[in-house]
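What follows is a single structure, written as structure tokens, with notes after it.
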Protein chains: 2
Amino acid sequence: MIETQPSVERPATIYDVARAAGVSHATVTRLLKGYAGIRPETRDRVAEAIRELGYRPNLNARSLTTGRSHRIAALTHEITQVGPNKILEGANMAARDAGYLLDVITLDVHDPAAIRESIDVALQFDLAGVLALSSTDEVTNAVETTTFRVPVYLATGHDKRPTDSPPTASGLFAVLQHLADLGHRDVVHIAGPSDWVGARNRVREYESAVVELGLRSRGVIHGDWSARSGYEAIGSWSDELPATAFVAANDQTALGVILALNERGYRVPDDVSVTGVDDTPEAAYFSPPLTTLRLDFAAQGKDAVQQLLARIDDVAPPPLPSRRPELIVRRSTGPVRPRE
Amino acid sequence: MIETQPSVERPATIYDVARAAGVSHATVTRLLKGYAGIRPETRDRVAEAIRELGYRPNLNARSLTTGRSHRIAALTHEITQVGPNKILEGANMAARDAGYLLDVITLDVHDPAAIRESIDVALQFDLAGVLALSSTDEVTNAVETTTFRVPVYLATGHDKRPTDSPPTASGLFAVLQHLADLGHRDVVHIAGPSDWVGARNRVREYESAVVELGLRSRGVIHGDWSARSGYEAIGSWSDELPATAFVAANDQTALGVILALNERGYRVPDDVSVTGVDDTPEAAYFSPPLTTLRLDFAAQGKDAVQQLLARIDDVAPPPLPSRRPELIVRRSTGPVRPRE
DNA sequence: AGACATCATGTTGCCGGTAACATCACTGTG
DNA sequence: CACAGTGATGTTACCGGCAACATGATGTCT
């Protein structure tokens with residue numbers, strides 16, 4: 001399990017390279033910066049020395065003079081869900097492609113003091129920008145009340161801010177449409193925690209879709225994104241179920257819902273339909289495979305990084321692509337069963 | 001979705017603080033380093049100035065002089081599984097607690113060139129150490145053939161290296177024991193990819209447990225950790241199943257196995273037993289809830305960081321705690337059905 | 001041929017810290 | 001009362017880059 005390599009001699013600097021090539025260090029810098037006016041033979045000597053010594057610029061020193069640190073921090077919460085994770089991964093890739101390093105600062109979303117603390121630590125590494133992959137009000141709050149001296153981009157996941165959000169943005173409308181088409185009238189939404197921006201938006205959209213489609217909402221229960229909370233939500237009805245379709249806020253919650261329904265003798269989808277959101281890789285292998293919304297998390301992470309980089313470089317940010325989630329119909333939804 | 005803050009004036013430096021307090025910058029440094037011999041009134045003035053200006057040390061500059069960067073990089077692969085993710089999270093926390101920042105370098109495990117590339121980028125930020133959360137041979141290889149000039153700790157997840165690994169280390173033995181107790185004799189292992197160290201170790205342990213317990217292995221099928229691969233493994237037997245129990249290499253694979261079994265009319269656990277490994281939060285809510293091994297990923301991450309930090313500080317590494325996985329028995333396993 | 005661009009390269013100072021060394025004002029002592 | 005010792009603080013050089021400016025060798029033009 002253990003392997004170590006000895007610490008070798010110090011890394012080479014431009015001065016080492018310069019000495020090896022018999023030039024001044026400025027010439028080395030010039031080569032590195034792609035300056036054109038260097039005599040070919042000089043250029044070759046320096047390039048050779050660089051290769052020979054395995055020279056690698058010290059980015060610390062560089063950012064000290066340039067003031068540009070080429071590193072950005074992503075504030076996020078504990079990564080137990082797939083979504084945020086994938087967002088991070090996408091962001092990480094995008095950052096690296098742009099020559100930036102992305103530091104992940106994991107915040108304990110329920111402890112404002114800890115959030116402050118973490119942000120404080122992050123600020124000491126002079127960052128080029130901060131990406132707030134904010135999902136909860138606490139994070140949003142902490143970010144908004146902190147003075148970063150750098151650009152901050154606050155992304156609330158795939159959900160738009162309330163003001164500019166058309167009611168169909170998150171895709172829940174398509175889910176309810178699908179259920180309505182199958183003949184369902186009574187539906188229940190098992191939501192995420194109410195202090196999560198995304199959860200609230202889904203509730204909003206659920207409610208407006210219900211109205212628009214002429215359905216009847218028999219309740220909105222706030223869970224915590226977990227399978228357990230889906231399971232417990234079903235447990236809250238001691239006798240008959242109030243609805244024929246359950247719209248979970250994410251796939252994990254839907255998983256718990258399905259188990260609870262099974263245990264109570266309901267068959268999915270024959271007796272009850274269940275839907276999720278996210279389309280995690282596992283959703284297609286639930287028993288039964290889950291009807292859900294496919295979200296492109298990696299793309300969201302990439303989008304967010306691009307927005308932030310635009311701010312850092314002080315150029316006009318590229319238009320934010322609208323990433324309409326896609327409804328994936330599987331076998332957890334079916335026609336409503338005729339009353340016997 | 002968008003919020004920005006203006007970039008304010010430059011952050012304060014020790015010189016700013018020194019000027020404000022009417023002392024030399026060295027005195028400021030002394031205060032920061034906790035040097036005792038400063039006159040109380042001077043100390044107060046400086047402290048006041050620091051507060052006033054919101055001074056925060058520039059860690060870039062600091063590491064430039066000290067040569068200690070207080071940042072470590074974790075090399076890992078694409079984070080689609082829960083386990084590696086949790087390991088990272090644990091590592092991140094442990095690193096932060098020790099005053100280090102952890103940079104996650106996501107490697108594309110199947111592209112050696114890309115691995116090199118990523119490592120190269122990382123090396124430019126002079127790192128205090130590198131944590132190779134290596135899971136595949138490719139990563140191991142890349143790490144072993146790269147000259148880092150800093151301590152490297154190569155952790156292969158919860159599995160030990162072949163040489164020092166007792167056959168019961170990974171806990172699969174307990175799983176098979178459990179199955180044997182239930183009367184199962186014919187078992188199949190649906191493993192992870194064979195270039196993953198952890199997958200190979202589990203196969204090894206599976207095989208030795210089978211022998212020791214007097215079971216019969218009816219095959220080892222290599223999947224890719226995914227639910228899909230579990231599903232497809234079952235599909236490889238066109239007619240009757242060769243075993244009464246299926247030991248999956250992780251929970252996701254087990255999920256796919258369960259679905260495939262359901263679709264073919266087998267009931268779990270009445271007809272066939274299925275087990276997983278990991279005990280992801282969802283495993284308890286599969287239909288049926290999964291018998292699995294609980295792994296403490298976060299602790300593994302923490303362990304790894306501590307090992308690395310010991311190397312960085314050049315002290316004797318703390319003994320690596322043995323984290324014996326715990327068997328969690330749920331409802332996906334049951335007594336073997338009497339032949340009808 | 002002398003004055004002046006121009007090109008290639010060298011010199012210097014700075015970024016924000018750290019640390020070794022220097023200084024200065026006291027104090028105690030013989 | 002001169003002098004060494006000590007405590008508090010200031011000066012200086014350096015880390016590894018970058019960039020403004022300086023310099024010296026050519027080439028060009030009149």
Side-chain angles (χ1 to χ4, degrees), chain A residues 9-47 49-50 53-71 99 101 123-128 149-150, chain B residues 9-47 49-50 53-71 99 101 123-128 149-150:
Chain A
E9 70 310 339
R10 310 206 52 172
T13 71
I14 39 170
Y15 299 96
D16 298 328
V17 173
R19 199 171 335 110
V23 297
S24 80
H25 68 274
T27 303
V28 180
T29 297
R30 291 196 181 95
L31 181 73
L32 294 173
K33 309 248 92 180
Y35 173 69
I38 307 182
R39 249 191 320 167
E41 61 181 72
T42 311
R43 171 185 301 275
D44 289 347
R45 273 213 322 274
V46 176
I50 287 179
L53 293 163
Y55 169 77
R56 217 179 281 297
N58 179 328
L59 263 26
N60 262 335
R62 176 174 292 174
S63 67
L64 184 57
T65 45
T66 57
R68 327 196 73 239
S69 67
H70 281 254
R71 51 185 347 125
L101 203 56
L123 281 178
Q124 303 197 346
F125 293 88
D126 67 345
L127 302 162
R149 297 170 203 270
V150 293
Chain B
E9 72 308 340
R10 311 205 51 172
T13 71
I14 40 170
Y15 297 96
D16 299 327
V17 173
R19 199 172 333 108
V23 298
S24 80
H25 69 276
T27 302
V28 180
T29 297
R30 290 195 181 97
L31 181 72
L32 294 172
K33 309 249 90 181
Y35 175 68
I38 306 181
R39 250 192 318 169
E41 59 180 75
T42 311
R43 171 185 301 275
D44 289 346
R45 274 213 321 276
V46 177
I50 287 179
L53 294 163
Y55 168 77
R56 218 178 279 298
N58 178 327
L59 262 26
N60 259 337
R62 175 175 293 175
S63 69
L64 183 57
T65 48
T66 59
R68 326 197 73 241
S69 66
H70 281 253
R71 50 185 346 127
L101 204 56
L123 280 179
Q124 302 198 345
F125 294 87
D126 68 345
L127 300 163
R149 296 171 205 268
V150 293

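Keep in mind that this is a model prediction, so the values were computed, not measured. Below, read A as the first sequence line, B as the second, and so on, with proteins coming before strands; counting in each chain starts at 1.
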Problem - Sorted by number, the residues of residues 13-22 of chain A with heavy-atom contact under 4.0 Å to DNA chain C - result: none

Handout entry: Stretch residues 54-67 of chain B: residues that reach within less than 4.0 Å of DNA chain C through a heavy atom
Key =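 Contacts with DNA chain C under 4.0 Å: B:Y55, B:R56, B:P57, B:N58, B:A61, B:R62, B:L64, B:T65, B:T66.
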
Got [X] and [Y] here, is their nearest side-chain heavy-atom distance under 4.5 Å?
X	Y	value
A:R43	A:L31	yes
A:T13	A:N58	no
A:I14	A:L32	yes

Problem - B:S63 side chain vs B:L59 backbone, donor-acceptor pair below 3.5 Å - result: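 Answer holds: yes.
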
Practice task
Would you check if the side chain of A:S69 reaches a backbone N or O of A:A128 as a donor-acceptor pair within less than 3.5 Å?
Solution key: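 At least one qualifying donor-acceptor pair exists.
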
Fill in the blank from the handout: Rounded to whole Å, CZ of A:R45 lies from C1' of C:dG10 at a distance of 14 Å

Could you write out each protein N or O paired with an N or O of nucleotides 7-9 of chain C at a distance under 3.5 Å?
{"residue": "C:dT9", "atom": "OP1", "partner": "A:R39", "partner atom": "NE", "Å": "3.4"}
{"residue": "C:dT9", "atom": "OP1", "partner": "A:R39", "partner atom": "NH2", "Å": "3.3"}
{"residue": "C:dT9", "atom": "OP1", "partner": "A:T42", "partner atom": "OG1", "Å": "2.3"}
{"residue": "C:dT9", "atom": "OP2", "partner": "A:R39", "partner atom": "N", "Å": "3.0"}

Practice task
State whether the distance check finds a donor on one side and an acceptor on the other, under 3.5 Å, for side chain A:H25 versus base C:dT11.
Solution key: no

Fill in the blank from the handout: Rounded to the nearest 0.5 angstrom, the CG-CG distance for A:N60 and B:L64 is 6.5 Å

Exercise for the section: Quick one: pull up CZ in B:R62 and CZ in B:R68 and give me the separation to the nearest 0.5 Å. Expected result: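 With rounding to 0.5 Å, CZ (B:R62) is 11.5 Å from CZ (B:R68).
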
Problem - Opening and closing nucleotides of DNA chain D in contact with chain B, under 4.0 Å to non-hydrogen atoms - result: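 So the outermost contacting nucleotides come out as D:dA8 to D:dG16.
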
Fill in the blank from the handout: Tightest non-hydrogen contact, residues A:L127 and A:V150, listed as O-CG1, 3.0 Å

Problem - Inter-end axis angle, the helix from C:dA1-D:dT30 to C:dG30-D:dC1, with every axis fitted to five base pairs (rounded, 10 degrees) - result: 70°

Practice task
Please lay out, stage by stage, how A:V23 and A:R45 fare under the test side-chain contact (heavy atoms from CB on, under 4.5 Å).
Solution key: CA-CA 9 Å; A:V23 297; A:R45 273 213 322 274; 3.5 Å; yes

Practice task
Not counting sequence neighbours, list each pair that qualifies as a side-chain hydrogen bond (donor to acceptor under 3.5 Å, both in side chains) and has a residue in residues 18-40 of chain B.
Solution key: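 Listed once each, the pairs are B:D16-B:R19.
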
